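Down below is the structure, laid out as structure tokens.
Because only heavy atoms are used, hydrogens play no part in the values below, and waters and symmetry mates are left out as well, while side chains stay in. Index from 1, following the sequence. Keep in mind that this is a model prediction, so the values were computed, not measured.
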Amino acid sequence: MKHILISGGSIAGLALAHWLPRHGFSVTVVERAPAPRPGGQAVDLRGAAREVAERMGIMARIRAAAIDERGLAYVDANGRRRAAMPADLFGGEGAVAEIEILRGDLTDILYGAAQQGVEYLFDDSITSIAESDGGVDVSFERAAPRRFDLVVGADGLHSNVRRLTFGSEQQFVHHLGAYTAYFTIPADDLTLGHWFLLHSAPGGRLAGIRPEKGRSAKAMFSFTATDLVYNRHDAAGQQQILRERFSDVGWHTPYLLSVMAQAPDFFFDTISQVRMDSWSRGRVVLLGDAGYCGSPLSGNGTAMALVGAYVLAGELAAAGGEHGTAFARYEEAMRPYVTECQKLPPGGVGGFLPGSRMAIRMRNLSVKVMTSRPLRGLMAKAAQKADSITLKPYDHHAHLAS
């Protein structure tokens with residue numbers, strides 16, 4: 001039985017850990033966090049990813065855990081709505097999808113579905129990867145060295161596996177000129193009405209509040225910058241950057257800044273894409289954000305993770321575990337889909353983060369035009385990029401010889 005190591009216990013890694021044992025593979029997942037990561041921003045299920053979730057048998061649980069989010073609305077400093085996109089717009093494939101779920105809730109569902117035939121190494125990380133005839137020798141920070149047949153890097157934008165195997169992050173991570181942050185806040189005194197509310201301010205700044213279940217919500221800050229110097233592991237320093245950048249912004253921004261330091265799940269990072277000519281090298285292959293992060297602007301990160309896991313597992317099984325053939329077919333199937341999913345929306349970063357009051361008014365006007373009845377059908381067709389792949393009916397019960 002072939003033994004596969006997956007680095008990363010989030011959406012892509014857990015989805016792959018679900019599928020591989022069903023094809024007869026033995027799986028180990030190594031995850032730096034001490035347990036499946038809770039919290040996180042809301043993610044959506046759209047296009048072919050819904051079909052993957054159906055085939056996994058988890059769609060009912062996803063729907064039960066989904067957020068009741070009616071859509072996205074841009075508001076002014078007084079909270080008055082200036083433009084809106086309902087969730088059912090464009091066939092449920094608009095900026096806010098029909099099915100939105102907290103990343104942590106989806107991770108819990110996937111973790112529950114990826115137990116049989118899976119070993120977990122939490123609170124650990126890979127320190128070296130060395131391929132030799134017939135296998136890959138892997139060293140860890142905590143666990144004893146092991147030998148695997150294949151290694152999958154499903155460890156996100158700042159992938160450790162990609163760095164160890166392909167080279168420095170700077171070669172593959174392309175900064176789009178903006179940063180984003182999100183964190184959980186108390187929402188008792190906020191009136192959201194089940195809408196994701198966004199307030200734009202001049203200077204390419206955006207503050208947002210997204211509803212959750214219960215008495216909390218997610219705060220979001222995004223802003224444009226190209227030469228920001230900060231420590232990726234220093235949350236206090238990152239929060240000070242946000243205080244300075246948003247000190248004069250109205251709406252609920254002062255409240256969001258005041259509760260930020262108490263958030264248990266503060267996250268801050270660049271808005272970037274990962275672009276690579278190849279997602280595999282020898283017996284190592286990349287999956288999800290590690291190989292083809294699309295960025296929050298283009299979205300579809302969850303879709304690419306779930307679909308990529310399904311395709312990679314299926315092609316490994318179809319090739320009888322022969323990795324060279326499987327990786328080539330995985331890339332052949334996924335590359336057009338990824339290219340489509342990575343396309344930025346109209347206006348790119350400037351459309352998401354307008355730089356002036358006039359640009360903000362023009363953005364709001366363009367949203368109204370796009371959602372008007374004459375253009376709604378045309379825009380709905382353009383929004384279907386997450387459906388731009390046909391899923392093969394892989395034999396999920398095939399068992400491979402060792």
Side-chain angles (χ1 to χ4, degrees), residues 8-19 21-22 29 31 33 35-72 85-116 118 120 154 182-188 190 192-197 208-220 264-265 267 288 296 299-310 313 383 386-387 391 396:
S10 190
I11 294 172
L14 293 175
L16 185 64
H18 164 88
W19 288 116
R22 284 158 175 75
V29 176
E31 165 57 47
R37 296 177 187 266
Q41 181 65 286
V43 298
D44 52 55
L45 230 67
R46 47 177 92 221
R50 296 187 194 184
E51 178 61 26
V52 171
E54 292 282 6
R55 296 185 188 187
M56 294 177 76
I58 60 173
M59 182 55 86
R61 278 171 281 172
I62 289 174
R63 289 189 180 278
I67 300 169
D68 182 11
E69 192 168 84
R70 310 292 168 78
L72 177 152
M85 289 185 280
D88 60 359
L89 196 68
F90 308 145
E93 300 288 346
V96 169
E98 181 185 356
I99 301 176
E100 299 274 349
I101 181 172
L102 291 179
R103 176 179 290 275
D105 290 344
L106 179 56
T107 297
D108 284 344
I109 292 170
L110 291 169
Y111 180 59
Q115 293 297 313
Q116 186 174 358
V118 183
Y120 287 92
Y182 60 79
F183 50 92
T184 299
I185 60 169
D188 292 343
L190 299 172
L192 303 178
H194 300 285
W195 282 74
F196 182 11
L197 302 180
I209 306 176
R210 194 163 200 174
E212 293 183 349
K213 291 186 174 182
R215 302 169 67 180
S216 65
K218 280 289 184 298
M220 184 190 81
D265 57 351
F267 172 88
N300 294 297
T302 300
M304 288 190 286
L306 292 176
V307 172
Y310 175 84
D387 259 328
L391 301 176
H396 304 151

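The two residues A12 and G288 have their closest heavy-atom pair at CB-CA, 4.3 Å. Across all non-hydrogen atoms, the minimal contact from G9 to V29 is CA-CG1, 4.0 Å.
Note that CZ of R210 is 4.5 Å distant from CZ of F196, once rounded to the nearest 0.5 Å. Note that the CD atom of E54 and the CE atom of M59 stand 4.5 Å from one another [nearest 0.5 Å]. With values rounded to the nearest 0.5 angstrom, L197 atom CG is found 11.0 Å from M220 atom CE.
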Could you walk me through whether F267 and F183 pass the side-chain contact (heavy atoms from CB on, under 4.5 Å) test, one step at a time?
CA-CA 6 Å; F267 172 88; F183 50 92; over 6 Å; no
Please determine whether side-chain contact (heavy atoms from CB on, under 4.5 Å) holds for the pair I209 and W195, giving the CA-CA distance in whole Å, both sets of side-chain angles, and the decisive distance to 0.1 Å.
CA-CA 9 Å; I209 306 176; W195 282 74; over 6 Å; no
I would like to know whether L45 and L306 meet side-chain contact (heavy atoms from CB on, under 4.5 Å); could you show each step before the answer?
CA-CA 9 Å; L45 230 67; L306 292 176; 3.7 Å; yes
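For A309, the side-chain contact (heavy atoms from CB on, under 4.5 Å) test picks out A15, L16, L287, with sequence neighbours left out. Under the side-chain hydrogen bond (donor to acceptor under 3.5 Å, both in side chains) criterion, E51 pairs with R55, not counting sequence neighbours. Qualifying side-chain hydrogen bond (donor to acceptor under 3.5 Å, both in side chains) partners for R37, counting only residues two or more places apart in sequence or in other chains: E31.
A 4.5 Å side-chain heavy-atom check between T184 and E212 finds at least one atom pair inside the cut-off. Side-chain contact check for N300 versus R46: some heavy-atom pair is nearer than 4.5 Å. In this structure the side chain of I185 never reaches within 4.5 angstrom of the side chain of S216, judged on heavy atoms. Between E69 and P211, the closest side-chain pair of non-hydrogen atoms falls below 4.5 Å.
When each of T302, D44, I67, V43 is paired with I101, the side-chain contact (heavy atoms from CB on, under 4.5 Å) condition holds for V43 and for no other.
Put simply, the side chain of R70 never gets that close to the backbone of P86: no donor and acceptor are under 3.5 Å apart.
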Do any side-chain atoms of residues 105-115 form donor-acceptor pairs under 3.5 angstrom with protein atoms, and if so which ones, sequence neighbours left out?
residue, atom, partner, partner atom, Å
T107, OG1, R103, O, 2.9
Q115, NE2, Y111, O, 2.7

